[in-house]
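Worksheet: the structure to be examined is printed underneath.
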Protein chains: 2
Amino acid sequence: MRPTMKDVASAAGVALKTVSRVVNGEPGVHPATAERVRAAIERLGYSRNESAAVLRRGRTATVGLVIEDVADPFYSGLSRAVEDVVIEHGCLLLSGSSSEEPLRERELVETFCARRVDGLIVVPAGEDHSYLRPELEAGTPVVFADRPPGAGIELDTVLADNLGGAGQAIRHLMGHGHSRIAFLGDDPGIFTAAERLNGYRQALGGLFDQRLVSMRTPSLEGVRADLARMFALDDPPSALFTGNGRYTVTALRALAGRRVALVGFDDFELADLLTPGVSVVAQDPAWMGRVAAELLFRRLRGDAGPPEHIELPVRLIARGSGELPPPG
Amino acid sequence: MRPTMKDVASAAGVALKTVSRVVNGEPGVHPATAERVRAAIERLGYSRNESAAVLRRGRTATVGLVIEDVADPFYSGLSRAVEDVVIEHGCLLLSGSSSEEPLRERELVETFCARRVDGLIVVPAGEDHSYLRPELEAGTPVVFADRPPGAGIELDTVLADNLGGAGQAIRHLMGHGHSRIAFLGDDPGIFTAAERLNGYRQALGGLFDQRLVSMRTPSLEGVRADLARMFALDDPPSALFTGNGRYTVTALRALAGRRVALVGFDDFELADLLTPGVSVVAQDPAWMGRVAAELLFRRLRGDAGPPEHIELPVRLIARGSGELPPPG
DNA sequence: CTGAAAGCGCTAACAG
DNA sequence: CTGTTAGCGCTTTCAG
């Protein structure tokens with residue numbers, strides 16, 4: 001059906017191996033012969049069957065990336081950065097969204113491994129990564145990004161300074177006179193959510209009040225209900241710390257103009273154009289992607305040092321919402 | 001190095017073909033034998049080499065997607081929808097960003113084809129798609145999304161109603177008393193930009209004024225300069241129509257609070273929370289992705305009808321900015 | 001129900 | 001500089 005190297009070879013009147021040489025740009029082919037081969041390739045519309053090449057070669061020149069959801073700006077930014085590094089290295093990126101489902105994460109990893117990716121970058125959804133054992137033993141390097149692997153496995157990891165960032169946010173709000181600061185975040189089963197909660201708690205110290213904490217899926221109704229409950233307290237919060245970009249946006253909607261100081265984890269487009277501007281603890285998803293991908297390629301180049309644990313700094317950007325004073 | 005079917009076979013004391021049967025869930029294997037094989041698979045940490053299977057089988061169960069940039073919310077939404085459909089069909093998605101470079105588009109397509117994707121969805125960056133000829137002849141279905149293929153090629157296409165949407169926007173602004181409406185958009189070499197310009201022009205009719213049109217790359221400085229030039233006219237614009245989400249955001253920044261009516265093409269997160277809310281002509285990127293992917297799978301299932309040209313409707317969402325009256 | 005043999009399209013290793 | 005041979009790991013075909 002499709003032309004193969006054999007077809008090109010007979011069309012050009014050379015041996016199959018010569019075609020292979022031309023296709024792979026190997027030296028030692030007479031220019032005239034090479035030209036004849038190229039003409040035949042063009043004429044037949046030949047394109048190399050990568051599966052066959054991969055089978056023979058052993059290396060696929062592909063990297064797999066598992067994220068939570070491409071449609072989330074944090075992960076799409078990370079994705080793009082990984083893609084760029086992968087391309088720079090002449091490889092192809094396979095990527096997929098786990099939708100925060102451990103099973104899906106595992107299926108994606110296994111699909112990628114069955115396709116024999118040279119390496120993997122994983123933002124884990126699950127806790128148990130023992131299924132990676134065979135891959136690791138086969139020598140496939142794996143880098144975890146944004147969240148560490150589950151217990152019992154020690155691997156390269158690139159994380160943001162979640163704990164420190166949350167601390168910065170809380171100290172910033174306290175510096176502006178707040179002592180009743182609520183926290184709104186993801187289920188603490190998610191590593192980043194748990195870390196940010198920790199940072200919040202540590203920074204608050206004795207001011208911590210469990211009633212000002214809401215960790216749940218980020219639906220507008222849910223967030224609205226939780227906020228309503230908090231504001232109905234005798235001692236309502238005067239400030240809010242949101243655990244990621246989705247919560248910040250949901251909280252802004254749920255607050256519906258109510259004047260409450262706010263600092264959110266994750267920067268987002270237009271944060272500066274809202275009134276007041278939204279103060280955030282900004283991570284750099286593209287940086288995280290780039291660092292993870294570069295670490296992976298370092299491993300692929302043979303660096304066999306002990307697992308690295310890279311922590312990327314975050315920075316607080318004050319835009320107004322985090323500097324609102326408490327009422328009164 | 002890695003265990004193969006042969007290794008599993010000898011570990012389980014069966015023939016290679018029996019392992020293949022078990023791995024592929026083919027019927028006609030004694031349960032006890034199957035169990036023995038499964039145990040061996042587990043013990044050795046075997047995982048099927050998909051490249052080899054693909055080489056033999058011919059079909060890869062993969063689909064390729066070329067977009068402009070995953071980090072752009074329009075395309076990441078589209079991507080996610082395509083991914084979901086592809087997964088539903090038991091396939092894997094390969095995707096890549098062309099960065100609006102024709103050469104990169106072509107390289108991606110060719111890389112995907114070399115990996116023998118079963119089908120392709122392309123948001124084209126270039127004008128010339130003759131390089132697709134061999135693939136099309138080999139029977140690979142290709143669906144274009146968001147933009148049509150270049151001249152000389154007739155293929156399935158899923159587009160938004162760019163012309164109609166722009167018309168709606170302009171008529172809406174005119175209905176609110178505006179007659180001096182500026183247009184800010186991408187280079188008209190990009191299909192969607194050109195179509196939206198057409199819609200703008202047609203709806204304005206005799207009111208069209210070339211001096212109120214700016215088509216350029218969406219840098220803040222550039223947009224700011226062009227707007228300054230327009231506002232310095234004797235007859236400055238009282239309203240603005242922006243050609244896509246990036247321009248809308250850039251224009252909002254460049255306007256820096258200046259009170260000008262605005263309708264943007266593309267909806268975006270937080271458009272409702274700005275003051276005033278931003279009126280937009282909304283497309284649905286996930287819908288576009290889903291429709292394109294479903295069309296592709298229909299072709300893969302054998303539908304050989306003539307090329308289809310699907311146009312998805314868009315809708316105007318009034319939020320305030322498009323309803324501002326002209327000054328005076 | 002199970003197995004042996006052939007070969008998918010390519011590259012590696014070795015001649016000439 | 002060019003060609004021949006073997007075989008990557010699997011599925012297909014055909015025989016038991």
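Order of the sequence lines fixes the chain letters, A, B, ..., with proteins taken first and strands second; residue numbering starts at 1 for each chain. These numbers come from the heavy atoms of this one structure, side chains and all, not from hydrogens, waters or symmetry mates.
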Rounded distance (nearest 0.5 Å) linking atom CD of Glu127(B) with atom CZ of Phe191(B):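 With rounding to 0.5 Å, CD (Glu127(B)) is 10.5 Å from CZ (Phe191(B)).
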Ser97(A) and Ser99(A) side chains, donor-acceptor separation under 3.5 Å: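 There is no such pair (donor and acceptor under 3.5 Å, judged by atom type) between the side chains of Ser99(A) and Ser97(A).
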Arg115(A) and Asn49(B) side chains, donor-acceptor separation under 3.5 Å: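 No - no donor-acceptor pair under 3.5 Å links their side chains.
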Interface polar pairs with nucleotides 12-14 of chain C, N/O, under 3.5 angstrom:
residue	atom	partner	partner atom	Å
dA12(C)	N7	Lys17(A)	NZ	3.4

Side chain to side chain donor-acceptor pair (under 3.5 Å): pairs with one or both residues in residues 9-18 of chain B, sequence neighbours excluded: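 Non-adjacent pairs meeting side chain to side chain donor-acceptor pair (under 3.5 Å): zero.
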Pair listing, salt bridge (Lys or Arg N to Asp or Glu O under 4.0 Å) test, anchored in residues 137-146 of chain A, at least two apart: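 Not a single pair qualifies under salt bridge (Lys or Arg N to Asp or Glu O under 4.0 Å).
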Nearest heavy atoms of Arg2(A) and Ser47(A), plus distance in Å: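 Closest approach of Arg2(A) to Ser47(A): NH1-OG, 4.4 Å.
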Considering all heavy atoms, the nearest Ala145(A)-Ile121(A) contact: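 It is CB-CG2, 4.2 Å.
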dG3(C) phosphate, OP1 or OP2, under 4.0 Å from Thr18(B) side-chain N/O: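 Yes, because at least one side-chain N or O of Thr18(B) sits under 4.0 Å from OP1 or OP2 of dG3(C).
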Span of DNA chain D in contact with chain A (heavy atoms, under 4.0 Å):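 The contact span of chain A on DNA chain D goes from dC1(D) to dG9(D).
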Secondary-structure notation, DNA chain C, from Watson-Crick and G-U pairs under 3.5 angstrom (| other strand): ||||||||||||||||
Under the salt bridge (Lys or Arg N to Asp or Glu O under 4.0 Å) rule, collect the residues that match up with [X], sequence neighbours excluded.
| X | answer |
| --- | --- |
| Arg104(B) | Glu107(B) |
| Asp303(B) | Arg298(B), Arg299(B) |
| Glu311(A) | none |

Residues which pass ring-ring contact (aromatic ring centres under 6.0 Å, His included) with Phe297(A), listed by chain and number, not counting sequence neighbours: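 Expected list: His89(A).
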Phe144(A): partners by ring-ring contact (aromatic ring centres under 6.0 Å, His included), with sequence neighbours left out: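 Result, ring-ring contact (aromatic ring centres under 6.0 Å, His included) vs Phe144(A): His129(A).
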DNA chain C contacts among residues 29-51 of chain B, heavy-atom distance under 4.0 Å: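 Output list: Val29(B), His30(B), Thr33(B).
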DNA chain C contacts among residues 4-14 of chain A, heavy-atom distance under 4.0 Å: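 Thr4(A), Met5(A) - these, ordered by number, are the residues of the stretch whose heavy atoms sit under 4.0 Å from the strand.
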Criterion salt bridge (Lys or Arg N to Asp or Glu O under 4.0 Å) against Asp118(B), the qualifying member of Arg59(B), Arg301(B), Arg57(B):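 For Asp118(B), the salt bridge (Lys or Arg N to Asp or Glu O under 4.0 Å) check succeeds only for Arg59(B).
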Sugar-phosphate, base or nothing in reach of Ala15(B), heavy atoms under 4.0 Å: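 Sugar-phosphate only.
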Polar side-chain atom of Asp84(A) near backbone of Ala81(A) as donor-acceptor pair, under 3.5 Å: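 It does not hold such a pair.
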Lys/Arg-Asp/Glu bridge criterion (N-O < 4.0 Å) met for Glu83(A), Arg290(A):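 No, Glu83(A) and Arg290(A) are not salt-bridged.
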